[in-house]
Amino acid sequence: AELQGLEWSAVKLNERCVIVGAAVAKRRSRRVVEITDALTAWLAVCGKQAGRVVDVNESQLSYALKQLAKAAGVAWKHNGLRHSFASYHLALYGDATKTAFQMGNSAVVVHNHYKGLVTNGDVQRYWSLRPAADAAEKIVAMHATG
């Protein structure tokens, strides 16, 4: 939901952060989210200068993500991207407070729900994911319909 309210102007690539304003934030409190090396690589391929980061409604985005997962042969879970980030971020840094801040959540929730879910090998693979050299040629934009 936060991603859908976010504008590209909030993405400060040169400062390696994203400003999640109070109007967009889950808990209605502004925060500054770190842009990791992995995200930097992905934004280099698909980032924009202006407009909404996601310009489709929630049901269209959900449908597109389910179709993508199906094509990739993986199971889709609601909020799977958020849950994955939490699990891998916590495992990488070992700091529930830092992970909670990045997510706009509480350290207790992060600790209770995401601790010990992934292996060190999984963590390294997750944070090493990068777009292929020809990724820009393969990006298909999602557009709102009707």
Side-chain angles (χ1 to χ4, degrees), residues 1-8 10-13 16-48 51-132 134-146:
E2 288 181 343
L3 191 58
Q4 289 179 293
L6 202 61
E7 298 281 333
W8 281 107
V11 179
K12 312 292 185 191
L13 197 53
R16 294 186 59 110
C17 67
V18 177
I19 309 299
V20 180
V24 173
K26 178 181 177 181
R27 296 200 178 268
R28 300 295 177 230
S29 179
R30 181 184 187 273
R31 70 182 188 282
V32 180
V33 177
E34 172 188 354
I35 292 179
T36 63
D37 292 342
L39 182 54
T40 298
W42 288 99
L43 289 174
V45 174
C46 58
K48 297 180 182 175
R52 296 179 70 105
V53 172
V54 175
D55 62 356
V56 296
N57 68 38
E58 185 176 350
S59 64
Q60 291 165 326
L61 179 60
S62 178
Y63 177 78
L65 290 171
K66 287 175 185 174
Q67 292 301 109
L68 177 62
K70 184 178 178 181
V74 297
W76 180 252
K77 181 177 180 177
H78 179 70
N79 277 334
L81 298 174
R82 180 176 175 80
H83 295 312
S84 294
F85 173 83
S87 299
Y88 292 108
H89 191 276
L90 180 59
L92 179 66
Y93 293 102
D95 186 339
T97 302
K98 179 176 181 167
T99 299
F101 181 79
Q102 294 294 297
M103 297 177 64
N105 214 322
S106 74
V108 171
V109 168
V110 168
H111 185 275
N112 289 343
H113 292 279
Y114 302 109
K115 183 180 178 191
L117 298 182
V118 295
T119 67
N120 288 338
D122 290 338
V123 170
Q124 295 307 315
R125 284 187 291 279
Y126 179 86
W127 290 110
S128 296
L129 289 172
R130 300 292 190 275
D134 62 348
E137 301 165 14
K138 297 178 180 181
I139 293 174
V140 177
M142 290 187 287
H143 298 287
T145 59

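Since we're looking at a predicted model, the values are computed, not measured.
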Review point. For Ala25, does its backbone N or O pair with a side-chain atom of Arg31 as donor and acceptor, under 3.5 Å?
Key: no

Exercise for review: Look up atom CG in Leu68 and atom CG in Leu61, then write down how far apart they are to the nearest 0.5 Å.
Suggested key: 10.5 Å

Review point. Between Leu43 and Trp8, is any pair of side-chain heavy atoms under 4.5 Å apart?
Key: yes

Review point. Could you state the interatomic distance from CD (Glu2) to CZ (Arg82), rounded to the nearest 0.5 Å?
Key: 6.0 Å

Check your understanding: Are side-chain heavy atoms of Ile35 and Val18 found at a separation under 4.5 Å?
Key -> yes

Check your understanding: Can you tell me how far the CG atom of Asp55 sits from the CD atom of Glu7, to the nearest 0.5 Å?
Key -> 10.0 Å

**Study point:** Side chain to side chain, Leu117 and Asp122, heavy atoms closer than 4.5 Å
**Key:** no

Review point. What are the two closest non-hydrogen atoms of Tyr114 and His83, and how far apart are they?
Key: OH-ND1, 2.7 Å

Check your understanding: Is it true that atom CG of Asn79 has more than 12 heavy atoms of other residues, nucleotides or ligands lying nearer than 6.0 Å?
Key -> yes

**Study point:** Asn120 CG to Leu92 CG distance, which is reported to the nearest 0.5 Å
**Key:** 9.5 Å

Check your understanding: Of all heavy-atom pairs between Thr36 and Arg16, which one has the smallest distance, and what is that distance?
Key -> C-NH2, 3.3 Å

Review point. Of all heavy-atom pairs between Val24 and Gly5, which one has the smallest distance, and what is that distance?
Key: CG2-O, 3.4 Å

Point to revise | Arg30: salt bridge (Lys or Arg N to Asp or Glu O under 4.0 Å) partners, not counting sequence neighbours | key: none

Check your understanding: What are the two closest heavy atoms between Glu34 and Gln102, and how far apart are they?
Key -> N-OE1, 2.8 Å

Review point. Lys66 and Trp76: which non-hydrogen atoms are nearest, and at how many Å?
Key: CG-CD1, 3.6 Å

Review point. Within the distance-only criterion (no hydrogens, no angle test), does the side chain of Ser62 pair as donor or acceptor with the backbone N or O of Glu58 below 3.5 angstrom?
Key: no

Check your understanding: Which atom pair, heavy atoms only, marks the closest approach of Arg28 to Ala23?
Key -> NH1-O, 2.8 Å

Exercise for review: Would you please classify the geometry between the Tyr126 ring and the Tyr88 ring as parallel, tilted or perpendicular, with 30° and 60° separating the classes?
Suggested key: parallel

**Study point:** Close side-chain approach of Leu90 to His111, heavy-atom, < 4.5 Å
**Key:** no

Check your understanding: Taking atom CG of Leu65 and atom NZ of Lys77, what is their separation to the nearest 0.5 Å?
Key -> 15.0 Å

